[in-house]
Amino acid sequence: MRILKKVIKEEKIRDKVYCNRCGREIDIIFPEHMGNYLSVDKRWGYGSVYDGESHSFDLCDSCYGEIVREFKIPPSEEN
Ligand SMILES: [Zn+2]
């Protein structure tokens, strides 16, 4: 037999997001998975230029557009 009790768990959620490139606060209006900004969490592998480092940043949709316009090959809509 198991006796259960109610507990309250603390959870960290994104309260505010700032664009790392322009510094502006991004208005979070959509859920994270389909939001209006790009969120990157990258752990670099050993042997890469950033050997073992972890980087994370967020970009607003405007800065994202400016960066991808410099790509020789534009991002694809789907794979
Ligand atoms: Zn920006």
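Counting starts at 1 for both ligands and their atoms, in listed order. The structure presented is a predicted model; accordingly, all values stated were derived computationally and were not measured.
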Listing protein N, O or S under 2.8 Å around the Zn ion (ligand 1) gives Cys19 SG, Cys22 SG, Cys60 SG, Cys63 SG

From the list Pro75, Pro74, Cys63, side chain to side chain contact (heavy atoms under 4.5 Å, CB included) partner of Val68 resolves to Pro75

Given a cutoff of under 4.5 Å between side-chain heavy atoms of I, L, V, M, F, W and Y, with clusters grown through shared members, what are the other residues clustered with Tyr46? none

Between side-chain atoms of residues 47-60 and protein atoms elsewhere (two or more places apart, or another chain), which donor-acceptor pairs fall under 3.5 Å?
{"unit_1": "Ser48", "atom_1": "OG", "unit_2": "Gly45", "atom_2": "O", "d": "2.8"}
{"unit_1": "Ser48", "atom_1": "OG", "unit_2": "Tyr50", "atom_2": "N", "d": "3.4"}
{"unit_1": "Ser48", "atom_1": "OG", "unit_2": "Asp51", "atom_2": "N", "d": "3.4"}
{"unit_1": "Asp51", "atom_1": "OD1", "unit_2": "Gly47", "atom_2": "N", "d": "3.2"}
{"unit_1": "Glu53", "atom_1": "OE1", "unit_2": "His55", "atom_2": "NE2", "d": "2.8"}
{"unit_1": "Ser54", "atom_1": "OG", "unit_2": "Arg43", "atom_2": "NH1", "d": "3.4"}
{"unit_1": "His55", "atom_1": "ND1", "unit_2": "Trp44", "atom_2": "NE1", "d": "3.2"}
{"unit_1": "Asp58", "atom_1": "OD1", "unit_2": "Ser39", "atom_2": "OG", "d": "2.8"}

Which heavy atom of Ile26 sits nearest to which heavy atom of Cys19, and what is that distance? CD1-N, 3.8 Å

Considering all heavy atoms of both residues, which atom of Leu38 and which atom of Tyr64 are nearest to each other, and what is their separation? CD2-CD1, 3.9 Å

So, using salt bridge (charged side-chain N to carboxylate O under 4.0 Å, His left out) as the criterion, who are the partners of Arg21 when residues are at least two apart? Glu66

